[in-house]
Amino acid sequence: MIDIDGYLAVLGVARPAAPTAEALWALHRAQVERVAYETLDNQLGRPTSIDAAESVARILRGRGGYCFHLNGAFAALLTALGYDVTLHRAGVQDEVEDPEGPGGDHLALTVGLDGERWLVDTGLAGGMYEPLPLREGTYTQGPFSYAMAPSAVVPGGWRFTHDPRGAFTAMVFAPEPVELSSFAAEHHRLSTSPESGFVRVLQAQLRDAEGVDMLRGCVLRRIDAEGTYERTIDSADDWYDVLADVFHLNLTDVDASARAALWHRVHAAHQEWAAAGERATTL
């Protein structure tokens, strides 16, 4: 069981009287606006579960997570509210679709509503603001354009193509329903492997109607219709203020020594990356 009313309070959405399209859109918008895509616990060395009830509890504490947490929690909420929700094995891909299909590094959701199925995904790292129909076409949400098309290599699957300014190229998901527990091994790899981008680089993202805010290490970006604004954060106080004010993250359970160690690690990684970039431009 999950705390439905507590979850809805975080989202600022009243409990819907019925599982309608209007309510689904409101819930999706509220989740991507208020619950950050973030990898802080990986950086803090604090293992997390992808159990839906535990992910909901994280959200109630003022934290977020990545797709397994965010979509796992959101699926539990929608199911409790009476929606027809299916979990799908998915994968983030580059320009060319992988013939082996989705690798399982992403959890996608679809919802059946009014005789049609919709991609419902609050864990796409600054991606969709609202659900998208499983119909081939191009869709505009705010300043971004997305494409949906049947997968070229996964029978019955679908491919979501992100806006060129997005954090990734595309996401493919298979049609078969899966259980949340089937992602446990991939979650362990993503959250512990030294080769994982979630371990190597701290990330936080939030989507809104006008654009997206993205933090990678010490670099904060705002992408919207006006373009891309970027600044480097060079002090611990400013960095933690951004996590709280821009991404709504509650870090009261992180003590002063852990905060100092996290900032030192993130800042050192940024300096190393910047130095490598400078050397590359002079070779």
Side-chain angles (χ1 to χ4, degrees), residues 2-38 52 55-56 58-60 62-88 90 92 106-135 137-148 158 160-163 166-168 171 173 180 204-214 223-224 247-248:
I2 66 169
D3 182 352
I4 299 172
D5 291 329
Y7 197 158
L8 292 172
V10 170
L11 300 185
V13 177
R15 184 189 281 252
T20 64
E22 180 182 12
L24 177 60
W25 265 242
L27 290 164
H28 196 287
R29 290 191 296 261
Q31 170 117 342
V32 298
E33 286 180 344
R34 296 188 177 212
V35 184
Y37 182 102
E38 51 100 348
S55 294
V56 171
R58 283 169 55 85
I59 290 171
L60 267 58
R63 295 294 304 280
Y66 49 91
C67 64
F68 304 140
H69 308 104
L70 300 177
N71 281 342
F74 199 56
L77 175 64
L78 294 181
T79 299
L81 293 174
Y83 287 96
D84 168 21
V85 184
T86 301
L87 281 63
H88 300 269
V92 175
H106 184 70
L107 160 64
L109 308 177
T110 61
V111 169
L113 192 65
D114 300 331
E116 188 166 19
R117 292 210 73 84
W118 299 79
L119 175 63
V120 173
D121 202 319
T122 65
L124 265 178
M128 298 157 45
Y129 185 58
E130 297 174 328
L132 290 174
L134 297 191
R135 278 188 271 115
T138 301
Y139 302 90
T140 299
Q141 295 183 353
F144 304 123
S145 292
Y146 310 125
M148 288 291 296
W158 285 85
F160 165 90
T161 301
H162 205 339
D163 187 274
F168 61 94
M171 181 274 292
F173 66 93
L180 183 57
Q205 300 195 36
L206 267 183
R207 180 75 158 88
D208 58 51
E210 306 301 327
V212 62
D213 293 297
M214 309 167 62
I223 304 175
D224 56 27
F247 299 100
H248 313 312

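Along the sequence shown, the residues carry numbers beginning at 1.
- Put simply, the side chain of L27 reaches to within 4.5 Å of the side chain of L8, judged on heavy atoms.
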Taking it one step at a time, do Y83 and V120 satisfy side-chain contact (heavy atoms from CB on, under 4.5 Å)?
CA-CA 11 Å; Y83 287 96; V120 173; over 6 Å; no
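- In this structure, E38 contributes its side chain and G64 its backbone to a donor-acceptor pair below 3.5 Å.
- Residue M171 holds its CE atom at 10.0 Å from OG1 of T161, rounded to the nearest 0.5 Å.
- When atom types are taken as modelled, the side chain of R34 and the backbone of L11 share a donor-acceptor pair closer than 3.5 angstrom.
- For D208 (side chain) and E33 (main-chain N/O), no donor-acceptor pair under 3.5 Å exists by modelled atom type.
- Shortest non-hydrogen contact noted between S145 and T140 is OG-OG1, 3.5 Å.
- Between Y7 and Q31, the side chains place a donor N or O and an acceptor N or O closer than 3.5 Å (distance only, hydrogens not considered).
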Do D3 and L60 pass the side-chain contact (heavy atoms from CB on, under 4.5 Å) test, and can you show the C-alpha distance, the side-chain angles, and the key distance before you say yes or no?
CA-CA 9 Å; D3 182 352; L60 267 58; 3.5 Å; yes
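- For the atom pair CG of L124 and NE2 of H162, the computed distance is 7.0 Å after rounding to the nearest 0.5 Å.
- Listed here is the closest heavy atom pair of L206 and V32: CD2-O, 3.2 Å.
- In this structure a side-chain-to-backbone donor-acceptor pair under 3.5 Å is missing from H28 to W25.
- Side-chain atoms of V111 and P131, non-hydrogen and from C-beta on, never get closer than 4.5 Å to each other.
- Closest approach of G65 and L70 over heavy atoms only: O-CD1, 3.3 Å.
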L109 and L87: CA distance, side-chain angles, deciding distance, side-chain contact (heavy atoms from CB on, under 4.5 Å) verdict:
CA-CA 5 Å; L109 308 177; L87 281 63; 3.8 Å; yes
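- P143 and A209 make their closest contact through CD-O, 4.2 Å (heavy atoms, listed as atom of the first residue, atom of the second, distance).
- H69 contributes atom NE2, which lies 10.5 Å from atom OH of Y37 (distance to the nearest 0.5 angstrom).
- Between I4 and L77, the closest side-chain pair of non-hydrogen atoms falls below 4.5 Å.
- With rounding to the nearest 0.5 angstrom, the CG atom of L107 is 7.5 Å from the CG atom of D121.
- Annotation for V56 and A73: closest pair CG2-CB, 3.7 Å, computed over non-hydrogen atoms.
- Atom CD of E210 has 12 or fewer heavy atoms from other residues, nucleotides or ligands within 6.0 Å.
- Put simply, CZ on F247 and CE on M214 are 9.0 Å apart, with the number rounded to the nearest 0.5 Å.
- By the 4.5 Å heavy-atom criterion applied to side chains, S55 and F68 are not counted as neighbours.
- Residues L119 and W158 fail the side-chain proximity criterion, which asks for heavy atoms closer than 4.5 Å.
- Smallest separation of non-hydrogen atoms from P16 and A23: CB-CB, 3.6 Å.
- Qualifying side chain to side chain contact (heavy atoms under 4.5 Å, CB included) partners for Q141, counting only residues two or more places apart in sequence or in other chains: M128, Y129, E130, L132, Y146, R207.
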Start with the C-alpha gap between F74 and V35, add the side-chain angles, then the distance that decides, and say whether side-chain contact (heavy atoms from CB on, under 4.5 Å) holds.
CA-CA 11 Å; F74 199 56; V35 184; over 6 Å; no
